[in-house]
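On a predicted model such as this, the values are computed, not experimentally measured, just so you know.
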Amino acid sequence: MLIRPFFALRCRSYHNTTIALTEQTQLLLQNHSNSLTKCKQIHANLIVSNAISNTFTSNTLINHYSRSRDLSHAHLLFNQTLHKNVVTWTSMMSAYTRNGQFKKALQLFEQMLHSDQKPNQCTLSVAIRACTSSGYLQLGLQIHGLVLCYGFESDEFAGSSLVDMYFKIGAFLDDASRVFFGLRYRDCVAWNVMIHGFSEAGNVGEVKRLVSEMRVADGLRPNDFTFVSLLRYCGCLIEVEEVHGLIFKSGTEFDPVVGSALVDSYGKCGDCDSSEKIAASMEHKDVFAWSSMISCYWRNGRGREAIVLFRDMCREGQKPDQHTLSSVLKACVENGEMEIGIQVHSQMIKNGYQGDQFVASVLSILYADFSEMGDAEKVFRRISSKDIVSWNAMIMGYAKKKGCVSSCVEIYNELRRTINLKPDGATLVAALKCCSSNSDLETGRQLHAETIKLGHSKKTSVVNSVIHMYSECEAVEDACRAFDALIEKDDISWSSIIGCHAQNGLELQALMLCKDMLSDGFLLSCYTIPSCVTACSVLAAMDLGKQFHSFVVKLGFHNDIYVGSSVIDMYAKCGSMEDSIKAFDEQDNPVVGTFNALISGLAQHGRVDEVIREFNKMDEMDILPNKITFLAVLSACSHVGLVEESIFFFELMQQKYGLEPETEHYSCLVDVFGRAGRLEEAYQIMPKNMGDSTWRTLLSASRTHRNMWIGEKSAKKMLELEIKDHASYVLLSNLYSGEGRWKEAQEIRQRMVEVGIRKDPGSSWFIIRDRVHDF
DNA sequence: TTAGGGTTAG
């Protein structure tokens, strides 16, 4: 008797609490509130009031926890729910899938299959989605079997998930289409899955057919999802404008996703103005919209604006993601902005993208570009999952830096030991570049063998790098063999082999190859012309050079830096300084290289006043001189014996322009001191590690001025350096014989024979009917 | 009454 009223009271209390909780939960749902605190309050009340068996409330809360990314509470409640129904299981599986824990979702699905609860179309749809996202095709196929067993093959939810799976893992277009056409009701989502699938597969015809059929067959209009998929396949501006027109006609406001996709698509087609207009019209700009605009600027050579926009974005409190960071870093690489790059690096650490392969790869390229190899390698080492692009960035970084062959090879070998990755074409191009710039023939040969071993020997870009490597290593025969074996030669292959001959003293053959190239149907390009024109200048074949020049003007290459400089240089070397000046005047925007060609020509012709005038003109035009400019100026001054001017320019290059003089610059200075008989001063300025040519200059001056003391010192240095040049031996021998020291003179001549040095034989040539004949 | 499918950049 005592117990009954108490029990009745408890039951009433339980009943009332359950109603109250259900109402609260419904309120939570109506308000679409995802407040975690509210969820936890209701969860606590469920436990306190012993109402945990209210499955509806539990299910609702699990979903709220899931949307708030609180998986631990969702799972706790799932375990606490006494009477789990199909919705409870599906909700928990969905919670895991939504939060990227696909394996856990599938484990729960397996548990469910072993329980009394049967899956329905919703459960199967979630399970398939988990398989698609994690790439488990075999499991997905088994679940397709279950879909058939339970009779859900025509359900649009389970069916759309299956269609999506067949497109995304395995690209089984026929299976996808079979499931799609078996659906009882094909709604907009189902059509969109098909359209997206064919768009990704690059089947534009099928995409267009599907868009038209969704209207005709099922009376459906394309929506935002359709538009974004359509933008994916757009390859040119007209196509983007067509889709833009469709979006406009649909009359819907810009969805942030559609807006960003449009900004990105216009950017890829080079239409920055349209991207800007769309971005400006978007009321709500998410990280995607910002990134698309930054990427648009970077892609279209407007790096400065990309950096400014990145700053605006950060100022507005929008957190950058990996796409934003990699785009802005690419802009820094393009513009050589190291300081800003370092600031972006700190943002990268702050936002947790230090280990991201895309961001870190670009950052390591930036550090490598500034020769900060230590920092580049630190960034590279922190990448959690290095892809081939990350490795290539590091290999290219070392390749660009002089004297880093061993580091480059070490990284390459480390990559070779990596189980899941293999060097690709770009890796080999980068590693071969390293051998080219360091003239390392032995490593180059090994890498050539690697191209064959790894199956890249038919790739034109890789073989072009092999040819270039052999060319830089002066192995002309090897370069020819690689060139002859190449099946699909392109413009670069031809320019490489022509350049190879031109640079290795085989100018005639270079010009013959140019003829072969033209008969093979290739046209002269801005890559081939400089090599051919340089060959003409070495052969002093000005008539042929003139013909190339007329091609240059006809084809509109005269403003190309390399073409323009080679023509200016050719006329100067062939003796016509006036034609050289005319060719210089053809240049619309002369750069340092163009000025160097002109100044070097004027220097060779002894026109020192004009050399200094052109140097000043460069200064007025804010064009920074480089080491080559100073070499030309110093050589002009030394040839006419301008000692004070030489000292002035020698100091100017260091003090004003921060350029460290090299052997050749010292040679000029030593030469001008030597000509003036100021041998002591010349000897004083010689750094300890000076090259042989400078000592030879000093030795020559010593002979002229009969200074035996400095002459012998120079000779000793030259012998220490084991010089292979006949002129140095002859000079030294003459110095001794000039002083009547016949024995020493004879010894030097004898030593020259012992080390196998012979005087270079001279050669002459003449040109008949555009052909050069040498003898 | 709760659960379920499709979209955007290197």
Side-chain angles (χ1 to χ4, degrees), chain A residues 22-23 25-26 28-30 54-64 66-67 74 78 81 84-95 97-98 117 119-130 132-133 152 155-165 167-168 179-180 183 185-197 199-200 222-232 255-265 267-268 286-296 298-299 321-330 356-359 361-362 387 389-390:
Chain A
T22 310
E23 280 169 359
T25 317
Q26 275 175 336
L28 194 71
L29 279 170
Q30 278 164 13
N54 184 328
T55 309
F56 165 73
T57 308
S58 291
N59 293 349
T60 308
L61 283 180
I62 288 171
N63 282 298
H64 277 273
S66 156
R67 287 192 191 97
F78 174 79
T81 307
K84 296 179 184 70
N85 63 14
V86 63
V87 180
T88 322
W89 286 96
T90 311
S91 299
M92 196 59 228
M93 280 170 61
S94 167
T97 311
R98 185 179 284 144
Q117 209 47 252
N120 65 10
Q121 67 276 32
C122 304
T123 329
L124 291 163
S125 174
V126 176
I128 296 160
R129 201 180 146 202
T132 307
S133 305
F152 294 123
D155 174 79
E156 64 266 31
F157 285 94
S160 299
S161 300
L162 277 172
V163 175
D164 193 43
M165 179 190 82
F167 274 121
K168 284 186 182 151
V179 176
F180 175 76
L183 293 182
Y185 170 62
R186 292 176 309 208
D187 63 5
C188 211
V189 175
W191 280 101
N192 281 339
V193 175
M194 283 290 281
I195 290 165
H196 182 73
S199 176
E200 281 290 286
N223 66 8
D224 288 344
F225 286 80
T226 329
F227 298 139
V228 173
S229 298
L230 291 178
L231 285 169
R232 289 276 294 175
D255 171 88
V257 178
V258 179
S260 302
L262 265 174
V263 169
D264 188 57
S265 303
K268 278 180 179 158
D286 61 3
V287 66
F288 218 108
W290 285 100
S291 303
S292 302
M293 201 57 230
I294 291 169
S295 156
C296 165
W298 158 74
R299 210 184 282 277
D321 69 2
Q322 68 273 40
H323 296 281
T324 334
L325 293 166
S326 75
S327 291
V328 75
L329 279 172
K330 277 179 205 157
D356 183 275
Q357 54 190 358
F358 291 104
V359 190
S361 298
V362 191
D387 65 358
V389 179
S390 325

Q | Heavy-atom closest contact (Ala158(A) atom, Phe152(A) atom, distance) | A | CB-O, 4.1 Å

Q. Hey, does Asp286(A) reach any base, or is it just sugar-phosphate, or nothing, if we go heavy atoms under 4.0 Å?
A. nothing

Q: Measure from the ring centre of Phe227(A) to the centre of the six-membered ring in the base of dT7(B), then say whether that distance is under 5.5 Å and the planes meet at under 30°.
A: no

Q. Just how far, in rounded Å, is C1' of dT7(B) from CG of Leu262(A)?
A. 12 Å

Q.
Does any part of the side chain of Asp321(A), heavy atoms only, come nearer than 4.5 Å to the side chain of Ser291(A), both counted from C-beta?
A. yes

Q: Starting at atom CD1 of Ile195(A), determine the distance to atom C1' of dT7(B), rounded to an integer number of angstrom.
A: 12 Å

Q: Nearest whole angstrom, please: distance from the P of dG4(B) to the CG of Asn59(A).
A: 11 Å

Q: Please evaluate the base of dG10(B) for a donor-acceptor partner in the side chain of Ser326(A) within a cut-off of under 3.5 Å?
A: yes

Q) Can you check the Asp164(A) CG to dG5(B) P distance for me, whole Å? A) 10 Å

Q. Is any side-chain N or O of Ser125(A) under 3.5 Å from a base N or O of dG5(B), one able to act as donor and the other as acceptor?
A. no

Q. Would you say a side-chain N or O of Arg98(A) is under 4.0 Å from OP1 or OP2 of dA3(B)?
A. no

**Q.** Nearest listed nucleotide, side chain of Ser229(A), among dT7(B), dG10(B), dG4(B)
**A.** dT7(B)

(Q) Pairing donors with acceptors under 3.5 angstrom, does anything connect the side chains of Ser91(A) and Asn59(A)? (A) no

Q: Can you see which heavy atom on Phe227(A) is nearest to which on Pro222(A), and at what distance?
A: CZ-O, 3.8 Å

Q | Where Asp286(A) and Ser260(A) come nearest, the two heavy atoms and their spacing | A | OD1-OG, 3.8 Å

**Q.** Length of the CG-P vector between Asn120(A) and dG5(B), whole Å
**A.** 12 Å

Q. Is Val257(A) touching bases, backbone alone, or none of the nucleic acid, heavy atoms closer than 4.0 Å?
A. base

(Q) Of the listed nucleotides (dG5(B), dT7(B), dG4(B)), which one gets closest to any side-chain atom of Val126(A)? (A) dG4(B)

Q: With heavy atoms under 4.0 Å as the rule, sort Ser295(A) into base, sugar-phosphate or nothing.
A: nothing

Q | Candidate nucleotides dT8(B), dG10(B), dT7(B), ranked by approach to the side chain of Phe288(A) - the nearest | A | dT8(B)

Q) Which part of the nucleic acid, if any, lies within contact of His196(A), taking any heavy atom under 4.0 Å across all strands shown: a base, the sugar-phosphate backbone alone, or nothing? A) sugar-phosphate

Q | Rounded distance in Å - CH2 (Trp89(A)) to P (dG4(B)) | A | 17 Å

Q) For Phe157(A) and dG5(B), are the ring centres under 5.5 Å apart with planes inclined under 30°? A) no

Q | Options dG5(B), dG4(B), dG10(B), nucleotide nearest the side-chain atoms of Asp155(A) | A | dG4(B)

(Q) By the 4.0 Å heavy-atom rule, please label Lys168(A) as base, sugar-phosphate, or nothing. (A) sugar-phosphate

Q | From dT7(B), dG4(B), dT1(B), nucleotide with atom closest to Phe56(A) side chain | A | dT1(B)

Q) Quick one: Arg67(A) CZ to dA3(B) C1', roughly how many Å, whole number? A) 9 Å

(Q) Please pick, from dG5(B), dG10(B), dA3(B), the nucleotide with the shortest atom-to-atom distance to any side-chain atom of Phe358(A). (A) dG10(B)

Q) When all nucleic acid strands are considered with a 4.0 Å heavy-atom cut-off, which category describes Ala158(A): base, sugar-phosphate, or nothing? A) nothing

Q) To the nearest Å, how far apart are Asn85(A) CG and dA3(B) C1'? A) 9 Å

Q.
Under 4.0 Å, heavy atoms only, any strand: does Ser94(A) hit a base, just the sugar-phosphate, or nothing?
A. sugar-phosphate

Q) What does Ser91(A) touch in the nucleic acid at a heavy-atom separation under 4.0 angstrom: a base, only the sugar-phosphate, or nothing? A) sugar-phosphate

Q: Could you tell me whether the phosphate oxygens of dG5(B), OP1 or OP2, come under 4.0 Å of any side-chain nitrogen or oxygen in Arg186(A)?
A: no

Q) For Arg299(A), which contact category applies under a 4.0 Å heavy-atom criterion: base, sugar-phosphate, or nothing? A) sugar-phosphate

Q | Set of side-chain hydrogen bond (donor to acceptor under 3.5 Å, both in side chains) partners for Trp191(A), sequence neighbours left out | A | Asp218(A)

Q | Test side chain to side chain contact (heavy atoms under 4.5 Å, CB included) applied to Phe225(A) - qualifying residues, sequence neighbours left out | A | Asn192(A), Asn223(A)

